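Quick caveat, the model's predicted, so the values are computed rather than measured. All ligand and atom numbering here is 1-based and tracks the order in the structure. When reading the values below, keep in mind they use all heavy atoms of this one structure, side chains included, and skip hydrogens, waters and symmetry mates.
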Amino acid sequence: MDSSPHYSVLLEESVSALFAEQCGPRLGGPRSGGPRSGVYVDGTFGRGGHSRAILNALDNNARLLAFDKDPQAIEEAKKLAAEDARLTFYHGSFAELQKALAEKNIAAVDGILLDLGVSSPQLDEAERGFSFLHDGPLDMRMDNSRGQSAADWVNSVAEDELVSSLKEFGEERFAKRMARAIVQRRAQQPFTRTADLAKVISEANPAWEKGKHPATRAFQAIRIVVNRELSDLQIVLQEALKALRPGGRLVVISFHSLEDRIVKRFFRDKSKGKMFPPGMPVTEAMLEKELKLVGKAIKASARELEENIRSRSAILRVAEKLSQ
Ligand SMILES: C[S@@+](CC[C@H](N)C(=O)[O-])C[C@H]1O[C@@H](n2cnc3c(N)ncnc32)[C@H](O)[C@@H]1O
């Protein structure tokens, strides 16, 4: 049952950022224009908060293609698509952007929004197995209809790979100790529940931080591995660049530094263009810049933080495809 309220993060800022001249005040541009035409992509439908807001801004001939890995999210998208023929959906990763566009006969798009990470329902429903607070089956798959669950991975991964994953994707200082404890315990009894894993990880953590569950970083790492979150992000950024029409916007909301670093570097590299040896005479055209940065990174306003504490780690970046 999906009873948890879902709050769409940076809703106004991200949706207005999608529409070229129609920048929200915090992005620095003037507000103008009526309903927009064109084809847009919501790469992370979730419960459809951003999609609904995008649809509200579109005219009758515009289209919105929504992606989600999560079967429950796709059920919601199906319901909305039954009410609004401008919406179509794709069950799968946004990393399959080109494939999905080809299937839907879409040659190019005018804007792409990615609101990364897990949704509130995924986090709050113990049955989805993301939570160290509420015991549930150790699953953590956004797409729980296929692929390897967290339990499959935790119970079979080599110890050195476990260490490097906890370090790389959780920035966990005590990765070695945690991996050792996990490997020792699973030899006696494999993990099946989130609370059990959280307990073993917590006991292996010698330095609990105030206000932070001692298994937070390790759970983040496992979730990222199980859902291939960072590799999907790297792929979709490249694919988005190919899919966008010149002038089209790419709007990304990240929730942790690993995601944001990937987005920030991609935007920076594509907006600087090609690298040449120092001293070589270089014209603007030779740089072949592909993106223009739009405004600075945006964080949730004080009002939004009051309403939804989960938005505290959200960071929004916007870039525009340049014509070549
Ligand atoms: C933060 S929520 C999005 C919430 C949504 N914007 C809303 O307003 O309801 C992230 C959603 O993206 C989905 N997701 C995350 N990574 C994905 C990927 N690589 N491909 C497709 N969906 C993904 C998750 O399953 C989750 O439903």
Proximal atoms of ligand 1 relative to D70 (non-hydrogen, under 4.0 Å): 25 (O)
Lys/Arg N to Asp/Glu carboxylate O, R317 vs D260, below 4.0 Å: yes
Salt bridge K79-E83, side-chain N to carboxylate O under 4.0 Å: no
Enumerated ligand 1 atoms positioned under 4.0 Å from heavy atoms of Q122: 24 (C), 25 (O), 26 (C), 27 (O)
Is ligand 1 less than 4.0 angstrom away from at least one heavy atom of A95? no
Under a 4.0 Å threshold between the charged nitrogen and the carboxylate oxygen, would E171 count as salt-bridged to R261? yes
Using a strict 4.0 Å cut-off to heavy atoms of G117, name the atoms of ligand 1 that fall inside it. 10 (C), 11 (C), 12 (O), 15 (C), 24 (C), 26 (C)
CA sep, side-chain torsions, deciding dist, call: Q148, R141, side-chain hydrogen bond (donor to acceptor under 3.5 Å, both in side chains): CA-CA 8 Å; Q148 192 182 41; R141 286 171 300 172; over 6 Å; no
Which of the atoms in ligand 1, numbered in the order shown and given with their element, are less than 4.0 Å from a heavy-atom of G43? 21 (C), 22 (N)
Residues R185, E203: salt bridge by 4.0 Å N-O rule: no
For the pair E159 and R180, find out whether any cationic side-chain nitrogen is under 4.0 Å from an anionic carboxylate oxygen. yes
Tell me, please, whether F130 has R223 positioned over its six-membered ring: NZ or CZ under 6.0 Å from the ring centre and within 45 degrees of its axis? no
Checking heavy-atom distances from atom 9 (O) of ligand 1 to each of K69, R47, M142, R228, the winner is R47
Return yes if some donor-acceptor pair links the side-chain N/O of N205 with the main-chain N/O of A215 below 3.5 Å, else return no. no
Out of all atoms in ligand 1, which are within 4.0 Å of some heavy atom of D115? Include the element for each. 1 (C), 2 (S), 3 (C), 4 (C), 5 (C), 6 (N), 10 (C)
Under 3.5 Å between some N or O of ligand 1 and some N or O of H50? yes
Exam field: side chain Q122 to backbone S119, donor-acceptor pair closer than 3.5 Å: yes
Any salt bridge linking K78 with E75? Criterion: basic side-chain nitrogen under 4.0 Å from a carboxylate oxygen. yes
With heavy atoms and a 4.0 Å threshold, my read on which part of V118 contacts ligand 1 is backbone
Mind checking whether G92 has a heavy atom under 4.0 Å from ligand 1? yes
Does the residue S120 have a heavy-atom contact with ligand 1, meaning some pair of atoms that are separated by less than 4.0 Å? no
Could a heavy atom of E229 be found less than 4.0 Å from some atom of ligand 1? no
Should one rank T44, N227, L116 by closest heavy-atom distance to atom 12 (O) of ligand 1, which comes out on top? T44
Could you list the atoms of ligand 1 found under 4.0 angstrom from a heavy atom of S8? 7 (C), 8 (O), 9 (O)
Should K69 and D232 count as an ion pair when the cut-off is N to O under 4.0 Å? yes
Pull out every atom of ligand 1 sitting under 4.0 Å from any heavy atom of G48, numbered as shown with elements. 7 (C), 9 (O)
With heavy atoms and a 4.0 Å threshold, my read on which part of D232 contacts ligand 1 is side chain
Are the side chain of E127 and the backbone N or O of P137 linked by a donor-acceptor pair below 3.5 Å? no
S93 heavy atoms within 4.0 Å reach ligand 1 at atoms 18 (C), 19 (N), 20 (N), 21 (C)
Nearest heavy atom to atom 5 (C) of ligand 1 wins, so pick from F255, Y7, Y90, F45. F45
Would you check the N or O atoms of G49, main chain and side chain alike, for any that come under 3.5 Å of an N or O of ligand 1? yes
